[in-house]
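Written out below as C-alpha cells is the structure these notes cover.
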Amino acid sequence: MSQSHQQPALSKCPGCEEPPVAGDLFCGACGYDLSAVPARPDDRPTMAITVPPAAPAAEAVRWPTAEETDSSDVPAPVVRPADVPGTDSGGRPLTGPDAESGRGAASPSGPVLTGGPDSAAARVRHDDRADPGGAETSGDFALAAPDPRATEHAAALAAAPAPGAKVCVACRSGRVDADGYCENCGHAQPRERDHMEQELDAVAAVSDRGLRHHRNEDSFAVSSTALPDGSPAVVAIVCDGVSSASRPDEASAAAASAANEALLESLPRGTHPQQAMHEAIVAASEAVNALAQEPAGAREHDAHRHQNAPACTLVGAIMAGGLLIVGWVGDSRVYWVPEDRTQPTARLTEDDSWAAQMVAAGLMNEAEAYADERAHAITGWLGADSYELEPHTAAFKPDRPGLVVVCTDGLWNYAESAEEMAAAVPADAREQPLHAARALVGHALDGGGHDNVTVALLPFAVRPQGAGSACDTV
C-alpha cells in the first residue's frame, strides 16, 4: 500500500483554537498562517510504513497471508514490523538493535498488528464491543503504537497452553476467556450446550440449539442402572425450557438432572418403574421451583423474576423388566417405532396444550385445533407459577422389538404424526442409535430449525417369552 507524506493535520488553530479546514494555509477565523506551525516532535504515537523506492526485485516486500478474516470472511491485512523495511518518524530503523524499544522491534513473540482501520480486529471484537487496543485513525497509513497489554498477551500465546485450557475452534491457537471469546482472534466460541451428544450401550441422545435461537434451552439426561434382580434399566429424560419464562435453560437442566438422579436412586431399591417415574417428575418440579427462590439481591437485575418463574416441560422413558414406562408434563412426546415398519407406529403421550384440550373436549377436530395460533400454548409445565402439578405416567409391554423416540417439539414439529416420525427415523436406528439421533436432528434443521431440537433414542429388545400388545397398559 502506498504511503502519502504530508504536513500533520492540526486539530485546532494555534491563534484562536478553532478547528481549521483541511488543506487551508490560513485560519478562516483569525487569519493565522498555518504553514508557519512547527512540525510535531519525533515522539509520534504511530509509525508510518515507508518502503524504499529503489528496492531490488529480489528484496521486494512480500505481504504475509492473513490467517484471520473480517466479518465478511475477507482476509484482514496483517502486517508485522519486521515484514516491511523502513524508518520511524525519527529516522531510526524499524528493526534491528537501533530500533526504539517497544516501538516495532522484531521479536519472535511480538504482537501481530492489524494494518489499517478497516480490519476486523482493529475495529471491533465479535461481540460488537470496541477493541481497546485498536489503531488510531489518521490521514496516513499508520500502525498503532504497541499496547503493553497486547505485548504481554502475545508472549503468553507463545507459551505452551495450560493443561485443560480451552483452545479457539477458529484459529486453533488462542485461549478462550471466561466470556467465551478467543483472546487471539476474538471469535465467539460454541457454548457447550449449543450441541450436546451422549451415547450409552442402550440409549443415545442429541440436542442442538437450532437455527433461530441464540441459545439452547433444551436439556437431557440418559443413564442406565440395575434392578434388584440384576436386570438392566435404561433411562432417558428430555426437558424443554419455556422461552417466555426467565432462565429457561437453567430450568430444563435442573429438571433433567433431578429426574435422572431420582430414578437412579429409586429403581435399584425395587420401586416399580411407573411409581419411580411419578416420583422423578415431582423431584424435577421441586428442582425448578427452587430456582425461583433467589436471594433478594439477585432480583435487582430482574424486577419481574418473581412474576415469571423459571419453567420447563419434561418427558421421560424407562425400559425395565420388559416394560416401557413413559412420563410427562407439557408437550414433549414419546413415539413407538417398531423394527418392522409394516407394523403400526404409535404416539404414547398426550400433549398438555390448548389444541389437545380442544380435541379432547370435542370442540375441534385435530386439524382445526393444530391450525389455530393458540395450538402450542401449553397448559402444563414445571415451575413455581404452574397450576397444580399433574404428572402423567403410562406403562406399556411391547410384544416386538422397536425404537422409543423421546423428543421435544423442536423435532416433532417437523414429523408430527407417528407415521411421519417413523418415516424420518433411519432404518438402522436400533443398531446405530447415535447416528439415528443425529439424523433426526438434521431432519429438523433441514426443515427450518426454528426451535431447539432434542431427541433420545432407546432401542427396545423383547424378551423371548414376551407377549402382549404393543400398547397394553399395565
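Counting begins at 1 with the first residue of the sequence.
For the atom pair CG (Leu445) and CG (Leu211), the distance works out to 5.0 Å, reported to the nearest 0.5 Å. Distance check: Cys312 SG to Leu382 CG gives 4.5 Å after rounding to the nearest 0.5 Å. Here the CG-CH2 distance, from Leu403 to Trp336, works out to 8.0 Å after rounding to the nearest 0.5 Å. Atom OH in Tyr335 sits 10.0 Å away from atom CD in Glu419 (nearest 0.5 Å). How far OG1 of Thr313 is from CG of Asp409: 7.0 Å, rounded to the nearest 0.5 Å. Distance OG/Ser223 to CD/Glu261: 10.0 Å, rounded to 0.5 Å.
Closest heavy-atom contact between Ala437 and Val455: O-CG1, 3.7 Å. The nearest pair of heavy atoms linking Ala292 to Ala309 is CB-CB, 4.0 Å. Heavy atoms only, all atoms of each residue included: Leu291 and Pro310 are closest at CB-CG, 3.9 Å. The two residues Asn260 and Ala221 make their nearest non-hydrogen contact at CB-CB, 3.7 Å. The heavy-atom pair separating Gly241 from Ser252 by the smallest distance is N-CB, 3.8 Å. Contact between Glu217 and Ser243 at its shortest, heavy atoms only, is OE1-OG, 2.7 Å.
Of the residues listed (Glu420, His443, His450), the one engaging Tyr414 in a side-chain hydrogen bond (donor to acceptor under 3.5 Å, both in side chains) is His450, and it is the only one.
With contacts defined as side-chain heavy-atom distances shorter than 4.5 Å, the pair Arg341/Val425 qualifies. Side-chain contact between Pro338 and Arg400 is present, with at least one heavy-atom pair separated by less than 4.5 Å. Side-chain contact check for Asp352 versus Val329: some heavy-atom pair is nearer than 4.5 Å. Val326 is listed as a side-chain neighbour of Phe396, based on a closest heavy-atom distance under 4.5 Å. In this structure, the side chains of Leu227 and Leu267 come closer than 4.5 Å at one or more pairs of heavy atoms. Side-chain contact between Met319 and Val203: absent, with no pair of heavy atoms (C-beta onward) separated by less than 4.5 Å. For the pair Asn413 and His376, the minimum side-chain heavy-atom distance is below 4.5 Å. Counting heavy atoms from C-beta on, the side chains of Gln357 and Thr379 come closer than 4.5 Å.
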Item to complete: For side-chain contact (heavy atoms from CB on, under 4.5 Å), just list the numbers for Leu411 and Val441, CA-CA rounded to whole Å, side-chain angles, deciding distance to a tenth of an Å, and then say yes or no.
Response: CA-CA 7 Å; Leu411 172 59; Val441 169; over 6 Å; no

Practice prompt. Determine, step by step, whether Asp451 and Arg212 satisfy the side-chain contact (heavy atoms from CB on, under 4.5 Å) criterion, reporting the C-alpha distance in whole Å, the side-chain angles of both residues, the deciding distance to 0.1 Å, and the verdict.
Written response: CA-CA 7 Å; Asp451 200 355; Arg212 303 297 181 89; over 6 Å; no

Practice prompt. Carefully, step by step, assess Leu457 and Val405 under the rule side-chain contact (heavy atoms from CB on, under 4.5 Å).
Written response: CA-CA 5 Å; Leu457 300 181; Val405 181; 3.7 Å; yes

Fill in: From CA spacing to verdict: side-chain contact (heavy atoms from CB on, under 4.5 Å), Met196, Thr454
CA-CA 9 Å; Met196 302 180 291; Thr454 303; over 6 Å; no

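Partners of Leu434 under the side chain to side chain contact (heavy atoms under 4.5 Å, CB included) rule, at least two apart in sequence or in another chain, are Glu197, Glu199, Ala204, Val206, Arg438. Take Ser353 and apply the side chain to side chain contact (heavy atoms under 4.5 Å, CB included) test, not counting sequence neighbours, and it matches Asp351, Ala355, Ala356, Tyr370.
The closest donor-acceptor contact from the side chain of Gln275 to the backbone of His272 lies at 3.5 Å or more, if one exists at all. Looking at Asn452, its side chain never comes within 3.5 Å of a backbone N or O of Gly210 through a donor-acceptor pair. Side-chain N or O atoms of Asp428 include none that pairs as donor or acceptor with a backbone N or O of Glu431 at under 3.5 Å. Although no hydrogens or angles enter the test, the distance criterion places no donor-acceptor pair under 3.5 Å between the side chain of Arg347 and the main chain of Arg333. Under a 3.5 Å cut-off, the side chain of Arg209 and the backbone N or O of Arg193 do not form any donor-acceptor pair.
If you check the side chains of Asp218 and Ser207, you find no donor sitting under 3.5 Å from an acceptor. Between the side chains of Asp240 and Thr408, no donor N or O sits under 3.5 Å from an acceptor N or O.
The number of heavy atoms from other shown groups lying within 6.0 Å of CD (Glu350) does not exceed 12. The environment of Asp201 atom CG is sparse: at most 12 non-hydrogen atoms of other residues, nucleotides or ligands sit within 6.0 angstrom. In His213, the NE2 atom is crowded: over 12 heavy atoms of neighbouring residues, nucleotides or ligands sit closer than 6.0 Å.
Under 4.0 Å is where a charged nitrogen must lie from a carboxylate oxygen, and between Arg215 and Asp249 at least one such pair does.
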